[in-house]
Asker: 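Handing you a structure now.
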2 protein chains.
Amino acid sequence: MEYTVNKLARISGVSGRTLRYYDQIGLLKPARINSSGYRIYGQKEVDLLQQILFYRELEVSLEDIMELIHQPGFNQKEALENHYEQLKQKRARLDTIMATVEKTIASIEGGVSMEDNEKFEGFKEKLIEDNEKKYGKEIREKYGEETINESNAKLRGMSQEDYDAMTLLGDEIMMLLEKAYETGDPGSEESQKLAAKHKEWLMYSWPNYSKEAHAGLAEMYVADERFTAYYDKVVKGGTKFLRDAIIIYLGME
Amino acid sequence: MEYTVNKLARISGVSGRTLRYYDQIGLLKPARINSSGYRIYGQKEVDLLQQILFYRELEVSLEDIMELIHQPGFNQKEALENHYEQLKQKRARLDTIMATVEKTIASIEGGVSMEDNEKFEGFKEKLIEDNEKKYGKEIREKYGEETINESNAKLRGMSQEDYDAMTLLGDEIMMLLEKAYETGDPGSEESQKLAAKHKEWLMYSWPNYSKEAHAGLAEMYVADERFTAYYDKVVKGGTKFLRDAIIIYLGME
DNA sequence: CCTTGACCTTTACGTTGCGTAAAGGTTTAT
DNA sequence: ATAAACCTTTACGCAACGTAAAGGTCAAGG
């Protein structure tokens with residue numbers, strides 16, 4: 001099937017202007033332009049628009065969507081499976097907000113008292129989601145940049161799967177650091193999970209792991225400003241916090 | 001409890017800038033300004049912010065939120081109950097989109113074919129929602145304007161409840177007209193429901209209802225351009241469509 | 001006491017994702 | 001053939017903040 005702008009607009013629920021804008025910024029170009037300058041969209045464009053709308057539903061910026069779908073390694077099925085998980089999260093957030101509404105009603109009616117921070121449950125979760133989105137982008141950017149590193153790693157004899165697992169772990173550590181830092185306690189459960197992950201991560205790149213070397217590295221992190229800058233990027237004071245968590249994890253002092 | 005900007009920001013999940021902006025536009029003013037010019041928020045402001053965020057979650061514009069919560073007749077509990085219903089709808093939309101994702105995955109995997117318009121189910125529902133939001137605003141504006149009419153109606157001996165029910169019905173008819181029109185068939189289920197509602201509505205204001213008079217009114221709608229303009233505002237050709245639906249409903253020709 | 005760092009303030013310019021004319025060419029229907 | 005319903009580009013407008021910049025205020029520690 002072939003569509004002109006407004007026909008595609010009608011079946012998809014977006015406006016004609018939106019489609020022209022997407023053309024303008026290069027997000028979704030028509031299959032061809034006919035003799036009188038009309039935009040003509042084909043099957044491929046319909047499917048791409050669907051993908052775009054899924055991402056938009058998840059509040060991904062058009063710029064990010066562009067990077068994502070135009071990547072050479074873009075896997076449609078994988079993306080869809082990802083959408084599903086994200087949508088599930090979004091629905092869970094809605095459920096939390098609905099529960100908050102119910103509780104607020106109850107507090108008005110029955111005098112059930114409510115703490116101030118309880119009143120915003122569900123809204124705060126959005127912050128966390130947004131953060132993960134931010135990291136999501138960083139991960140993608142890194143995957144782009146690190147294609148070089150990737151081949152280096154391969155050369156060093158690491159299997160592709162191991163390498164993937166390692167970079168994934170690295171990103172996970174950054175997220176964990178932020179969450180752990182919020183607890184304010186390097187001995188907290190989150191913080192110890194962070195330290196454990198850090199050990200796991202190290203074991204990928206180090207030939208022989210030892211507690212002493214791990215602790216030494218942690219101290220080095222704090223001393224060397226290149227590392228400080230790296231880990232403090234996520235939260236300021238993050239490097240010191242990570243060191244403290246590791247020291248406690250290793251049971252050293 | 002009293003909060004400065006960023007403290008309130010932290011418990012609510014919005015940014016400090018957002019709170020300053022809300023102050024600037026008059027949406028949420030701090031309880032007071034202390035001696036050094038700091039904004040201080042109290043209990044009332046916390047609760048109001050919660051309400052604002054509920055509305056924002058439903059994508060109501062700040063301008064509309066302002067009108068709503070600063071209305072003298074604003075009923076918090078009623079608003080919350082409304083929020084709940086709307087959130088439920090939003091969740092239903094998410095469910096539809098999730099189903100679309102699943103179906104799309106299946107169509108990739110198993111060759112289950114999918115029509116183009118099926119690919120956008122859930123997205124189109126948003127259009128309808130947006131429309132209802134638009135009408136929601138119109139209804140509110142009307143409720144403002146029609147305070148005069150309201151007292152007129154009272155004078156004519158109508159009870160408050162009857163009047164409320166009638167205006168509500170009037171708005172419902174407008175929404176129904178739009179949906180019915182989309183079916184393209186004045187004999188469709190939706191269209192007949194529309195006609196029935198219209199009868200119901202008439203019976204409020206008319207002392208004696210008769211089929212003949214109803215049919216006559218329908219014809220009058222088409223003839224009188226004041227009515228045409230009124231009903232065509234929702235969809236063009238709406239007046240004629242309504243007339244046709246009524247004629248079929250009454251079993252006349 | 002004084003300084004440092006974490007707060008707070010205002011002012012002001014930038015951004016995203018379109019909506020909405022305006023001014024005009026094209027296609028379809030009657 | 002003439003209107004109605006499409007399409008085009010250009011361009012200005014807007015909401016809801018984000019993000020400096022430049023500067024006052026407050027609590028804690030040396």
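Within every chain, numbering begins at 1; the chains are lettered A, B, ... in the order of the sequence lines, protein sequences first and strands thereafter. Heavy-atom basis, side chains included; hydrogens, waters and symmetry copies ignored.
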Asker: Using atom CG of B/Leu49 as one end and atom C1' of D/dA16 as the other, report the distance to the nearest whole Å.
Answerer: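 That distance rounds to 15 Å.
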Asker: Figure out the CZ/C1' separation between A/Arg39 and C/dT27, and round it to whole Å.
Answerer: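 Going from A/Arg39 (CZ) to C/dT27 (C1'), I get 17 Å.
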Asker: Please give, in whole Å, the distance from D/dA16 P to B/Leu53 CG?
Answerer: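 Atom-to-atom, B/Leu53 to D/dA16, this comes out as 13 Å.
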Asker: Looking at every non-hydrogen atom in both residues, tell me the closest pair between A/Thr100 and A/Glu118 and how far apart they are.
Answerer: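 Closest approach of A/Thr100 to A/Glu118: CG2-O, 3.8 Å.
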Asker: With a 4.0 Å cut-off, would you call A/Arg20 and A/Asp23 a salt bridge?
Answerer: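 No.
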Asker: Take the protein atom CD1 of A/Ile40 and the nucleotide atom C1' of D/dC6, then report the distance between them rounded to whole Å.
Answerer: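 Result: 12 Å.
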Asker: I need the NZ-C1' distance between B/Lys7 and C/dC8, as an integer number of Å.
Answerer: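 Atom NZ in B/Lys7 sits about 11 Å away from atom C1' in C/dC8.
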Asker: What is the nucleic acid contact for B/Arg20, judged by heavy atoms within less than 4.0 Å: base, sugar-phosphate only, or nothing?
Answerer: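 The residue B/Arg20 makes base contact.
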Asker: Could you tell me which non-hydrogen atom of B/Tyr55 sits nearest to which non-hydrogen atom of B/Ile69, and how far apart they are?
Answerer: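 Looking at all heavy atoms of both residues, the shortest contact is CE1-CG2, 3.9 Å.
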Asker: Find every protein N or O atom lying less than 3.5 Å from an N or O atom of nucleotides 15-17 of chain C, and list the pairs.
Answerer:
unit_1: C/dG17; atom_1: OP1; unit_2: A/Leu62; atom_2: N; d: 3.0

Asker: From OH of B/Tyr3 over to C1' of C/dC7, roughly how many Å is that when rounded to an integer?
Answerer: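 Computing the B/Tyr3:OH to C/dC7:C1' distance gives 18 Å.
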Asker: Taking all heavy atoms of B/Ala31 and all of B/Glu45, pick out the closest pair and write down the distance.
Answerer: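 Smallest heavy-atom distance, with atoms named: CB-OE1, 3.5 Å.
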Asker: From CG of B/Asp23 over to P of D/dA16, roughly how many Å is that when rounded to an integer?
Answerer: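 Rounding to the nearest Å, CG of B/Asp23 and P of D/dA16 are 16 Å apart.
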Asker: Return yes when atom CD of A/Glu85 has more than 12 non-hydrogen atoms of other residues, nucleotides or ligands closer than 6.0 Å, and no otherwise.
Answerer: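 It does: A/Glu85 CD has more than 12 such atoms within range.
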Asker: Of the nucleotides C/dG19, C/dC8, D/dT8, which has the atom closest to the B/Thr4 side chain?
Answerer: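 The closest nucleotide is C/dC8.
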Asker: Determine, stepwise, if the pair B/Ile33 / B/Arg39 fulfils side-chain contact (heavy atoms from CB on, under 4.5 Å).
Answerer: CA-CA 5 Å; B/Ile33 307 283; B/Arg39 291 173 180 80; 4.1 Å; yes
Asker: If I take atom CD in residue A/Gln24 and atom P in nucleotide D/dT9, what distance separates them, rounded to the nearest angstrom?
Answerer: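 Answer to the nearest Å: 9 Å.
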Asker: I'd like to know whether B/Val14 forms a side-chain contact (heavy atoms from CB on, under 4.5 Å) with B/Arg56, so could you lay out the CA-CA distance, the side-chain angles of the two residues, the decisive distance to 0.1 Å, and finally the verdict.
Answerer: CA-CA 12 Å; B/Val14 305; B/Arg56 208 183 57 167; 4.0 Å; yes
Asker: Under a 4.0 Å threshold between the charged nitrogen and the carboxylate oxygen, would B/Lys103 count as salt-bridged to B/Glu121?
Answerer: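 A salt bridge is absent here (no side-chain N lies under 4.0 Å from a carboxylate O).
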Asker: Report the relative orientation of the aromatic rings in A/Phe54 and A/His83; use parallel for angles under 30°, tilted for 30 to 60°, perpendicular for over 60°.
Answerer: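 Tilted: the ring planes of A/Phe54 and A/His83 meet at 30° to 60°.
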Asker: Tabulate protein N/O versus nucleotide N/O from nucleotides 24-28 of chain D, keeping only pairs under 3.5 Å, one per line.
Answerer:
unit_1: D/dG24; atom_1: N2; unit_2: B/Tyr38; atom_2: OH; d: 3.1
unit_1: D/dT25; atom_1: O4'; unit_2: B/Tyr38; atom_2: OH; d: 3.3
unit_1: D/dC26; atom_1: OP1; unit_2: B/Ser36; atom_2: OG; d: 2.8

Asker: Distances under 3.5 Å only, N/O to N/O: pair up the protein atoms with those of nucleotides 12-14 of chain D.
Answerer:
none

Asker: Give the minimum heavy-atom separation between A/Leu80 and B/Val101, together with the two atoms involved.
Answerer: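 So the two residues come closest at O-CG1, 3.4 Å.
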Asker: Would you mind checking if B/Lys119 and B/Asp116 are paired as a salt bridge, meaning a charged N to carboxylate O distance below 4.0 Å?
Answerer: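 A salt bridge links B/Asp116 with B/Lys119.
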